[in-house]
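Here is the structure we will look at, set down as structure tokens.
Quick caveat, the model's predicted, so the values are computed rather than measured. We name chains A, B, ... by the order of the sequence lines, and we start the count at 1 in each one.
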There are 2 protein chains.
Amino acid sequence: MNPDRPYAHLVTRLRETGLRPTRQRLALAKLLFEQGERHVTAESLHGEALAGSIRVSLATVYNTLHQFTQAGLLRQVVVDGARTYFDTNTRLHHHFFIEDDGELVDFPGEGVTVSGIPETPDGTEQTRVDVVVRVSRQSSAN
Amino acid sequence: MNPDRPYAHLVTRLRETGLRPTRQRLALAKLLFEQGERHVTAESLHGEALAGSIRVSLATVYNTLHQFTQAGLLRQVVVDGARTYFDTNTRLHHHFFIEDDGELVDFPGEGVTVSGIPETPDGTEQTRVDVVVRVSRQSSAN
DNA sequence: GTGTTTGCAAAGTGTTTGCAATTTA
DNA sequence: TAAATTGCAAACACTTTGCAAACAC
């Protein structure tokens with residue numbers, strides 16, 4: 001939080017994407033990128049910010065997440081319908097989706113092969129293949 | 001629409017699942033199951049019903065879609081985050097998702113193999129593997 | 001008749017937007 | 001100071017809910 005040394009690398013990273021390194025964006029970037037790979041929702045990140053005494057509005061969190069996504073710093077993940085997840089891992093990978101609690105877990109995409117996909121519909125080209133492995137917690141009672 | 005011959009097989013199908021074959025449920029079942037495999041949203045189905053002069057409320061459409069899903073007559077598909085799709089194809093299959101217009105296209109699951117999935121997270125077991133092949137319309141301008 | 005189902009309108013989520021006030025360069 | 005960004009509150013889209021009236025058996 002020292003304003004004299006405000007995470008130079010994050011400042012640079014934001015500048016490179018054409019986003020002004022504002023207090024809010026820096027704070028969110030710090031939460032997002034300074035603790036390994038993670039999955040957040042707008043609300044979870046907003047909660048973290050507030051918990052860390054970072055004053056930022058939910059609207060700004062949404063804006064920032066979308067701007068970061070557009071800049072290639074985040075990847076948007078759709079699994080659950082209800083909420084939108086953002087993933088700080090932008091490399092090729094897929095997801096386990098733990099149905100019981102809506103948690104996401106990455107797994108690397110390098111070793112994964114999907115074979116047997118038919119031709120894409122007329123006039124379309126393949127953008128990406130997403131694999132979601134849905135899992136549920138084993139209950140010994142089952 | 002002849003009340004004297006109200007689609008006996010649909011009536012039976014509903015009865016088997018423990019759902020009373022009400023006018024609304026029969027009408028929706030007819031729209032859903034009498035014209036091949038399809039993907040609907042609550043709103044699209046509601047629109048169809050109204051267009052076909054079937055008086056049914058949106059709330060009932062939602063209820064019915066969920067009841068049918070629970071009964072195994074439909075499958076819920078998550079791809080787009082904004083809306084929930086229901087698929088009358090309950091067999092093993094995957095989806096093309098046409099990003100430009102949010103349209104879904106099925107492809108059969110039999111020929112598809114996903115290899116290289118690591119072990120599921122601790123204490124969980126695999127429920128299902130969903131493959132979404134995202135495609136976009138080719139523009140000659142691109 | 002009795003329990004189920006429906007429809008309405010209201011409430012609930014998660015997300016987006018308009019705009020004045022603030023901040024950045 | 002000019003342009004970008006923020007925060008608020010209101011608006012949104014989609015979905016769920018509570019409850020009285022209508023319906024199925």
Side-chain angles (χ1 to χ4, degrees), chain A residues 3-4 6-8 10-29 39-50 53-71 74 76-86 102 104, chain B residues 3-4 6-8 10-29 39-47 49-50 53-71 74 76-86 101-102 104:
Chain A
D4 294 318
Y7 288 83
L10 289 179
V11 173
T12 308
R13 208 165 166 193
L14 289 185
R15 281 237 170 72
E16 282 170 356
T17 68
L19 294 171
R20 286 189 181 174
T22 63
R23 181 175 58 72
Q24 290 87 336
R25 291 212 270 238
L26 270 172
L28 295 177
H39 301 98
V40 301
T41 63
E43 282 203 71
S44 75
L45 186 60
H46 186 230
E48 275 184 50
L50 296 188
S53 306
I54 297 157
R55 281 182 30 267
V56 61
S57 73
L58 186 54
T60 297
V61 173
Y62 273 107
N63 287 338
T64 303
L65 286 172
H66 286 137
Q67 290 155 353
F68 284 9
T69 300
Q70 203 161 343
L74 294 175
Q76 208 167 341
V77 186
V78 172
V79 264
D80 147 302
R83 63 188 82 255
T84 305
Y85 292 82
F86 294 85
L104 279 181
Chain B
D4 293 318
Y7 288 81
L10 289 179
V11 172
T12 309
R13 208 165 166 192
L14 289 184
R15 280 239 170 71
E16 282 170 357
T17 67
L19 295 171
R20 285 189 181 175
T22 62
R23 180 175 58 73
Q24 291 86 336
R25 292 212 269 238
L26 271 173
L28 295 177
H39 300 98
V40 300
T41 63
E43 282 203 71
S44 75
L45 187 60
H46 186 230
L50 296 188
S53 306
I54 298 156
R55 280 183 28 267
V56 60
S57 73
L58 185 54
T60 298
V61 173
Y62 274 106
N63 287 338
T64 304
L65 287 172
H66 286 139
Q67 290 155 353
F68 284 8
T69 300
Q70 204 162 341
L74 293 176
Q76 207 166 339
V77 186
V78 173
V79 263
D80 145 302
R83 63 188 85 255
T84 305
Y85 292 81
F86 294 85
D101 50 17
L104 278 181

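Straight-line distance from the CD1 atom of A/Ile54 to the C1' atom of D/dG7: 16 Å, rounded to whole Å. One can place CG of B/Asn63 at 18 Å from P of D/dC14, the figure rounded to the nearest angstrom. The OH-C1' distance, from B/Tyr85 to D/dA13, rounds to 14 Å in whole Å. The separation between A/Leu19 atom CG and C/dA25 atom P is 12 Å, rounded to whole Å. In this structure, the CG atom of B/Leu58 is 13 Å from the C1' atom of C/dT6, given to the nearest Å. The separation between B/Gln70 atom CD and D/dT16 atom P is 12 Å, rounded to whole Å. Protein atom CZ of A/Arg55 is 19 Å distant from nucleotide atom P of D/dT5, rounded to whole Å. What separates CZ of A/Phe68 from P of D/dT5 is a distance of 11 Å, to the nearest Å.
Pairing for C/dT22 goes to D/dA4, judged as Watson-Crick or G-U wobble with the two contacts each under 3.5 Å. Pairing partner, D/dC25: C/dG1, with both Watson-Crick or wobble hydrogen-bond distances short of 3.5 Å.
Residue whose closest nucleotide on DNA chain D sits further toward the 5' end, between B/Tyr62 and B/Arg23: B/Tyr62. Between B/Thr84 and B/Arg20, the residue anchored closer to the 5' end of DNA chain D is B/Thr84, taking for each the nucleotide with the nearest heavy atom.
Within 4.0 Å of B/Thr41, counting heavy atoms only, lies no atom of the nucleic acid at all. Within 4.0 Å (heavy atoms only), A/His46 reaches no atom of the nucleic acid at all. Backbone-only contact: A/Arg83 has heavy atoms under 4.0 Å from sugar-phosphate atoms and none from a base.
In this structure the side chain of B/Gln24 never reaches within 4.5 angstrom of the side chain of B/Thr64, judged on heavy atoms. Annotation: side chain of A/Thr17 is not in contact with side chain of A/Arg13 (no heavy-atom distance under 4.5 Å). At a threshold of 4.5 Å between non-hydrogen side-chain atoms, the residues A/Arg25 and A/Phe68 count as touching.
Using a 4.0 Å cut-off, some side-chain N or O of A/Gln24 falls inside it from OP1 or OP2 of D/dG7. Remark: A/Ser57 is in phosphate contact with D/dG7, judged by side-chain N or O atoms under 4.0 Å from OP1 or OP2. Regarding contacts with the backbone of C/dA25, a side-chain N or O of A/Arg15 is found under 4.0 angstrom from either OP1 or OP2. Between A/Thr22 and the phosphate of D/dA4, there is no side-chain N or O to OP1/OP2 separation shorter than 4.0 Å. For A/His66 and C/dT15, the shortest distance from a side-chain N or O to OP1 or OP2 is not below 4.0 Å. Within the 4.0 Å cut-off from OP1 or OP2 of C/dT5, at least one side-chain nitrogen or oxygen of B/Arg25 is found.
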message = Pair A/Arg20, A/Leu14 - check side chain to side chain contact (heavy atoms under 4.5 Å, CB included), show working.
response = CA-CA 7 Å; A/Arg20 286 189 181 174; A/Leu14 289 185; over 6 Å; no
request  = Report the C-alpha separation of A/His66 and A/Phe86 in whole Å, then their side-chain angles, then the decisive distance to 0.1 Å, and conclude whether the ring pair (Phe, Tyr, Trp, His ring centres under 6.0 Å) test is met.
outcome  = CA-CA 9 Å; A/His66 286 137; A/Phe86 294 85; 5.7 Å; yes
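No donor-acceptor pair under 3.5 Å is formed between the side chain of A/Ser44 and the backbone N or O of A/Val40.
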